[in-house]
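Chain naming here is simple, since letters A, B, ... match the order of the sequence lines and numbering starts at 1 in each. Being a predicted model, the structure only gives us computed values, none of them experimental.
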Amino acid sequence: MPELPEVETVRKGLNQLVAGATITSVDVFWNRMITPPFSSERFQEELIGEQIHTIERRGKYLIFLLDNWAMISHLRMEGKFTVTKTGEPYQKHTHVVFHLADNRDLRYLDVRKFGRFSLVPIDKKEKYAPIENLGPEPTPIQFTLDNFHDKLSRTGRSIKAVILDQHVVAGVGNIYADESLFQAKINPMKPANQLNEGETKRLRDAIIDVIANAVEAGGTTIRTYKNTLGEAGKFQVKLNVYGKTNQACPRCGTPIEKTKVAQRGTHYCPHCQGSIDLYEKKEPKG
DNA sequence: ATACTTTCCTGGGCGC
DNA sequence: TGCGCCCAGGAAAGTA
């Protein structure tokens, strides 16, 4: 499931492979993948003849800078890009194909069809609301302690729900949320406005650190994630809690537990991070 | 305003 | 073996 580190790795691969290429035509095999206001027909028409200058990233969004358009792509759960020679048989789950002038295809594959493409006029690319409203990138300069503390103080939601909120900090998904909370030794159920100063700082530092290390490792491959070059990530060997249910905590040996917080599978060490029972269950048990 | 629920999707895993 | 059921989950729309 691509989070910031995986999307960043995909971005680098795309820049290596298709920066400078020109789109000659586009096939869309699943219309819902193209978000309003543009129909998939309009999407296909507008991209003809557009050159891909560079690919940027903001949070989990990829931004293809073209001549007249910014094409914005979100991979959601399972989206991936491949670059192949035109004419090669389509792999299963190929939903959008950008034919390039140099006899190659940039192809978008997505088992679950959750990914989305949007088109924004290039001079309005800063006005695209989903990106405009994102929180800061999780870097030391942009993701300030003051801002984070302010956001946490305003809500009693679980801290895990808050760091998954892209308006608070951009790019953190389920894997890196669990890993960051473990590194900072904070219970995922703890209400955000109950974190003290030390915890807030530890968590902010942990998010920055975990994301940076994962970017360096080329992301995490749990199930199917591959970058544009077809390579798996390497961060999965550094995971401490995600997917480690019943395995020994690397710090204290206590078995890692899995529960549900904010409707997401959540892995944590009940010794290092404290028992979930310390906090009132707000979620309906079903 | 906040906070929670539903929707979108398919493949994999499980019970019977 | 095969059918039905449930789960995984990011973001946006919907509801109270």
Note to self: Determine whether A:V97 and A:Y108 satisfy the following criterion, side-chain contact (heavy atoms from CB on, under 4.5 Å), listing intermediate values before the conclusion.
What the structure shows: CA-CA 6 Å; A:V97 178; A:Y108 178 76; over 6 Å; no

Check: How many Å lie between NZ on A:K113 and C1' on C:dA11, as a whole number?
Finding: 19 Å

Next item on the list: Considering just the side-chain nitrogens and oxygens of A:H93, establish if one lies under 4.0 Å of OP1 or OP2 belonging to B:dG11.
Entry: yes

Next item on the list: Compute whether any side-chain donor of one residue and acceptor of the other, for A:D178 and A:H267, lie under 3.5 angstrom apart.
Entry: yes

Notebook entry, point to check: For A:I72 and C:dA12, what is the distance between atoms CD1 and P respectively, to the nearest whole Å?
Noted result: 11 Å

Notebook entry, point to check: With respect to the side chain of A:Q263, which nucleotide from B:dT10, B:dT5, C:dG9 is positioned closest?
Noted result: B:dT5

Notebook entry, point to check: Counting only N and O atoms by type, is there a donor-acceptor contact under 3.5 Å from the side chain of A:N187 to the main-chain atoms of A:Q273?
Noted result: yes

Item checked: Side-chain N or O of A:K60 closer than 4.0 Å to phosphate OP1/OP2 of C:dG10 -> no

Check: Of all the nucleotides listed (C:dG10, B:dC8, B:dG11), which has the minimum atom distance to the side chain of A:R32?
Finding: B:dC8

Note to self: What is the distance, to the nearest angstrom, from the CG atom on A:N133 to the C1' atom on C:dA11?
What the structure shows: 13 Å

Notebook entry, point to check: Hey, is the side chain of A:T155 poking within less than 4.0 Å of OP1 or OP2 on B:dA3, counting only N and O atoms?
Noted result: yes

Notebook entry, point to check: Within less than 4.0 Å of OP1 or OP2 of B:dA1, is there a side-chain N or O belonging to A:R154?
Noted result: no

Item checked: C:dG9 OP1/OP2 closer than 4.0 Å to side-chain N/O of A:Y242 -> yes

Check: Under 4.0 Å between a side-chain N or O of A:W30 and OP1 or OP2 of B:dC9?
Finding: yes

Margin query: With salt bridge (charged side-chain N to carboxylate O under 4.0 Å, His left out) as the test, pick out the partner of A:E56 among A:K125, A:K12, A:R11.
Written below: A:K125

Next item on the list: Whole angstrom is fine here: how far is it from NE2 in A:H95 over to P in B:dC8?
Entry: 16 Å

Margin query: Using whole Å, what does the distance between atom P of nucleotide C:dG9 and atom CG of A:L164 come to?
Written below: 10 Å

Next item on the list: Please report, rounded to the nearest Å, how far the P atom of B:dG11 is from the CG atom of A:L109.
Entry: 13 Å

Notebook entry, point to check: Taking NZ from A:K80 and C1' from B:dC9, how many angstroms apart are they, rounded to a whole number?
Noted result: 14 Å

Check: Rounding to a whole Å, what distance do you find between A:L62:CG and C:dG10:P?
Finding: 16 Å

Next item on the list: Using a cut-off of strictly less than 4.0 Å, decide whether A:H74 has a side-chain nitrogen or oxygen near OP1 or OP2 of C:dA11.
Entry: yes

Note to self: Between the base of C:dG10 and the side chain of A:R116, is one N or O donor paired with an acceptor at under 3.5 angstrom?
What the structure shows: no

Notebook entry, point to check: Using a cut-off of less than 4.0 Å, is there contact between a side-chain N or O of A:K92 and OP1 or OP2 of B:dG11?
Noted result: yes

Notebook entry, point to check: Taking the six-membered ring of A:F182, is NZ or CZ of A:R251 closer than 6.0 Å to its centre and within 45° of its axis?
Noted result: yes

Note to self: Measuring from the side chain of A:M77 (C-beta onward, heavy atoms only), which nucleotide among C:dA11, B:dA3, C:dG10 has the closest atom?
What the structure shows: C:dG10

Note to self: I'd like to check A:N193 versus A:L152 (side-chain heavy atoms, cut-off strictly below 4.5 Å). Are they in contact?
What the structure shows: no

Item checked: C:dA11 phosphate, OP1 or OP2, under 4.0 Å from A:Q166 side-chain N/O -> yes

Check: Does the C:dA8 base have a donor-acceptor partner in the side chain of A:R112 within less than 3.5 Å?
Finding: yes

